[in-house]
Every structure is written in structure tokens, then in C-alpha cells.
J.: 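Sharing a structure, written as C-alpha cells. Questions coming.
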Amino acid sequence: MNSRLTRLAGAAMALTVSLALTACGGSDDSAEPAAGATASGPFEYKDALGKDIKLDKTPTTVVAQSSVAAALWDAGFQVKGAYGELKPDAAGKLSYQAGSLDLSKVTVIGSTYGEFDTEKYALMNPQLLVDYTFDNKALWYVPAAQSEKILSLAPGLAVPGNYKTTDEAITTMVDLAGKLGADTKSAALTTAKTDYETALTAVGEAAKTSGLKVAIMSPGADSLYVADPVQLPEGNSLKNAGLDMISPENPKKEVFAQFSWEKATDFKGADVILVDARTYDAAKADLAKVPTWANLPAVKAGQVYPWYAAAPYSYQAYSKIYSELAGQLKTAKKLG
Amino acid sequence: MQPQTIRRLGVFVVAVAVLGVVVVLSLMIGRQAISPGDVLRALAPSAHGDNADIVRGLRLERTVIGLVAGLALGGAGALMQALTRNPLADPGLLGVNAGAAAAVVTGFAFFGISNGFAQTGLGLAGAAVASVVVYLLGSGSRSAATPARLALAGTALTAVLFSYINAVAMRDQASFDQLRFWVVGSVVNRGYDRLLIALPLIVIGIILALLMTPALNALALGEESAHALGLSVGRARVAIAVAITLLCGAATAVAGPIVFVGLTVPHVARILCGADQRRVIPMSMLLAAGFLVLSDTLGRVVSGGAEVQVGIVTAVLGAPVFIALVRRRTLVAA
């Protein structure tokens, strides 16, 4: 009964809002400077699923997965709603995956994987949904069971989940933000881009002087997962900058190769290990008890730094990530 | 000595020898090829380096945990089948696995307990509470707890608890990750500290189990005959149920739910030893320990890529053996 009431109230509200909108002739939209007053349409985009998305007017009520939303936000387009990894930690802080999203300006539709409040979404009168696709079939964080309903409310736009380099990834996001009406020539974005390039150069310089070998890993209780940098945009960008990245043997064109903990000793050549920032802190104490992990030279030397997996593809986010890494690489020592 | 006694003793000697071979294999075989000589050298307490990390650090630990968990599960399974006089009885039937998992998931989701040591304690407590509840449900009203009622109560509680676990686990990703371990058992990197809290309980469970074997023999004759033989049926049942809970709860808390060990192994033990529980229970423990350690060893090398968890290997090996047993002969419970 309760949900029926909410739905009724929602329908009534939606009706009022749309009446108000027609009455004002959409003047509400142009009064909102953040949501891209420049472009009014039409909006056209060929997405990663091969779908041509055509809208008469540039959508203003856009809802996106948190990483995508954060990337668009940094590129100058503010989404109205977001879903994804948006649960604050004990200190009330959002994960790095949410970038600089300001939740006071964004409606949260879901705050973890598998969570999507379809009713709340419908009440927003969404005009466009944006998410990654990793399999070229489905939208990453849109729950399969609800997807039909969700996609009937507004078209779903898929941006690729994987890219050759972070440059390519960020360009894609900036391009989309521009099409949605953001000012992609803004001074802030230009500065961010310069910072990003400077940070990547700094990584290259640190790499050249030290000759450090770097591996990307996601250590679990039962097995060790080693990422193949060639399959990661940041891996390729770092490689191109001159960093010596370790690939697992016989790579299978997958991001992760799963290894028995006995095989961890094969990675003794790594001077620096970048670990999955999503899970490392929680697993740290248990990992210290795994002898083949604890005795890896990089672990012993304390040269284990976070790998910000699934960080938003923006110049701002990655200039921070790369300059942090450049600093770490400068202090890290060549081992063995 | 009677020839029969010699034969019985021989079966045990062979079982212990097989267990020894399995343990040696478990130390020798793994994803990283290490020669037998190097394995022996790595076992020395003074040894350091990669081989020591792998053999003494990883393989020895998982072997010890597999051994202890196997002993406990084999004992619990045999006790369970004898107590309920049901050849299909499994330690999971008393709600022990579900109780352990429910306690761990609750602790994590509502109180943020993610420390492995604390989780083992929670798992044990959950297993104990679940079996007490099952016992109370099974022995409600005027009649005593009969095997069938216990099994029904256990099944019902398990269903309730798993609904609860799913509801909690679906709340968020982190809880779901915690639950994963409670779906498939594993002996990798469990840590000796977890074993340490479980070990005293397993030792008490094993002693209690061995003490109760004569009572089990009496119970096999039926409740009335057992009574006539001077056995306090109710008290014996409680003692056996306590042993099962200790053994199964502790094993589950250390290694997660491992299926088909407690179900299949006691049948093999009865084929080898006959119906006398004084021999079936210890034989079942020995065989289960060997089976578990062997399954874990196989799981390390059986696939081309990553290792396969022991909980999956025991199911893959145990299920066909169990089906073959069921088809071959009428199953005897006690």
C-alpha cells in the first residue's frame, strides 16, 4: 500500500512538473547555467553498443554511473543523478571512484553494485542514461533484471569501459560532455589537461632515472590476481610514458590472470607493486600472514602503492593519480 | 591374536599409512615445481627463501588445516549418520553450516567485524546456537528428540537462516564478498591463529565422539533395546549432538562449508570396518582427513589456470563415489 501511495504521489508530481514545464516554455532549463545552457540540440551520439542515439533537444536531465558521472563532472557537465559506488565510508567520505561528484547536487539512484531505484529514477523524468559497457552487450551497473524498465524510461548511452590509454578514455568523456553542452574549452579544463600531461611526464622521468619494474596486482585470500598492463588504459599510458611494467606470462587478453599463491615468488622482480585500492586496505592484515606475499621484495621494502582501479577518466583525477605515483616512484628504490 | 583382530588392525595400519602418503604428496605437489630434496630442506626450521615460504608457509599450513578439518568432518559425519540412523545424514543437516554463516554475515554487516580471528569465533558461536535451537525445536512438546524430528528441525532452520543470509548479503557488495567464503570451503591461507581457537574444540569433540561409540552401538539396536541395555538414551543423544556440533562447527569455522566429506566417507568406513561404531568413527576420521588433503592437493594442479578450492574438489570427487555407493548396495546407517 505504501509503495502504491508513493507511486501515486510520484505520478501526480510528474504531472505537475510537466505541466509547469509546458507553461513556462522550458525557461527553467535555460536558467540553469551548470547543466549546459550552450547547446540546445539536436543531440546525436553513436554509442559503444553501435546504437545511434538521436534526441531533438540536448538532454539536461542525465543520470550516469558514478565513475562516468564523475568523469563528465570534471569535464564540465553536471549530471542530475548518479548510481554506482556512492556509499560514503565511516568518515563520511566517498570512494575515489566518485571523483569530485557533489552529492548535494546529485540524486543518488543507487549506492552500490546491483542497486538501482527505478522509481526514484522515473520521478526524475530522465532524458538520458550513461554507463560503461565492458562486454559490448550490457550497461555495466544497470541491474539486468531491471534493465528493460530502466531503458524504457530514457535511452541508455554506452561509453566503452576499456580503452587503449587514459588519453583516449578522457578524450571520449570530454567529447561526450561537450556534446551534452559542457564548455570543453574552459580554462579549468585546459589547466587540468596541462597538469595531467605534466604528471605523466614526471612519471616518465622518475621511471627513466630509477629503472623500476612495476607490477599491478589485486591480492586475494585464495589467489593472487595479476593485471596485464597492456589491457588497462592506465597501464598503456604509463608504459608509453616510459615506465617498465611487468606482464604476467602467457597473457590471455584478459585484465587479470589468477595465480596460486605459490606462484607469487615469480614476481620477485617487481620493485614496486601497485595494489587494487578498492580492496587492499581491508585485506592488508590477512595478506601480511601470507609468506609468499610478505616476503616479496617490494612488499618487504614497503614499496606497495595504491592502484586506483575504476577511477573516473578525467584530467583532474588522473593528474592527481599520476603525480602521486611520480612522487612514489621518485622515493622508491631499485631492489635486488 | 585372532586372525580377525589382525585383519582389523591391518585395515587401520593401511589407513594411517595412506594418510601419511597423502600428507607427503600434499607437501610435494603444488603449482610451483619443487624437487623432493628441496622440499625436505625447506621443511627445516632454519630454512629461508622461496621454497621455505612455499613449502613451510603455504603447503604445510593448508595440509595441517586440511588434516584437522578432515578429521573433524569425518567424525561428525559418521556420528550424524549413526545418531539419526539416516544414511543420507550430513553435518549440514543440524543447521551447523547455516548457523556459522549467519553469525559471520551478521557480525560483518551490522557490527563491521571483518577480522578473521573474530569471525572464526563468531562462526563457532553461530554453529552452537543453531544446533541448540534445532535440538529444542526437535524435542518440543512431550516427546523426546527423535532422529527424524531433529533432521526436520535442522532442515527448517537451515532454510530460514539461508533466507536471512541472502537478505543481508544482498544489502551491499562488501557483505556479499564476506559471504563468498561461506559458500565454498577452502583451506588456503586460513592462518594458524584460526586453527588455534578451533583446535581445543575439535580435540574435545573427538574425545567425546570416541567415548560415545559404545552408546552408538547400543542405539543402533533401537531405542527400546538401548534402554534395556542400561543406556540413558536422552543423555547419550545430547552428548553425541554436542560432539557433532563441536566437530562440524569448528571445521566449518576454519575452512568454510566442505560438502560430501561427512556424507560419503562414513559409508566407505563401514565397508572397510563393518558396523561396529568403535571402529567406524575413527576410521571415518582417518579417511576423511586423507580425502580432504588429497582433494586439496588435486585442486592445486588439476586446472590449467588458477587453483580450485577444496570445497569444489570434494564435491566433484565425492558425488560420483556417493552415487556409486548408493547404487551398489543398500545403505546401512549404523
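Just so it is clear: chains get the letters A, B, ... in the order the sequence lines come, proteins before strands, and each one is counted from 1.
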J.: Do the side chains of B/Asp193 and A/Lys289 get nearer than 4.5 Å, heavy atoms only?
T.: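 Yes, side chains in contact.
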J.: Could you report the tightest heavy-atom contact between B/Asn189 and A/Trp261, atom names first, then the distance?
T.: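 Shortest heavy-atom contact: ND2-CD1, 3.1 Å.
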J.: Take atom NZ in A/Lys300; do more than 12 heavy atoms of anything else shown fall under 6.0 Å from it?
T.: no
J.: Short question: side chain of B/Glu307, backbone of A/Ser260 - any donor-acceptor pair under 3.5 Å?
T.: no
J.: Output the option from A/Ala221, A/Ala294, A/Ala257, A/Ser223 having the highest count of non-hydrogen pairs under 4.5 Å with chain B.
T.: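 Sorted descending by pairs with chain B, the first entry is A/Ala221.
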J.: Which pair of non-hydrogen atoms, one from A/Lys263 and one from B/Arg31, has the smallest distance, and what is that distance?
T.: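 Here A/Lys263 and B/Arg31 meet closest at CE-O, 3.5 Å.
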J.: Looking at every non-hydrogen atom in both residues, tell me the closest pair between A/Pro291 and B/Gly57 and how far apart they are.
T.: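 Looking at all heavy atoms of both residues, the closest pair is CG-CA, 3.5 Å.
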J.: What's the spacing between B/Leu58 CG and A/Thr265 OG1 if we round to 0.5 Å?
T.: 9.0 Å
J.: I need the minimum non-hydrogen distance between A/Lys268 and B/Asp50, along with the two atoms involved.
T.: NZ-OD1, 2.8 Å
J.: Out of curiosity, A/Asp266 CG to B/Gln32 CD, how far, rounded to the nearest 0.5 Å?
T.: 4.5 Å
J.: Which answer fits B/Arg59, side chain, backbone, both or neither, if we ask what part of it has an atom under 4.5 Å from a heavy atom of chain A?
T.: side chain
J.: Given heavy-atom pairs under 4.5 angstrom as the criterion, report whether the side chain, backbone, both or neither of B/Gln309 touches chain A.
T.: side chain
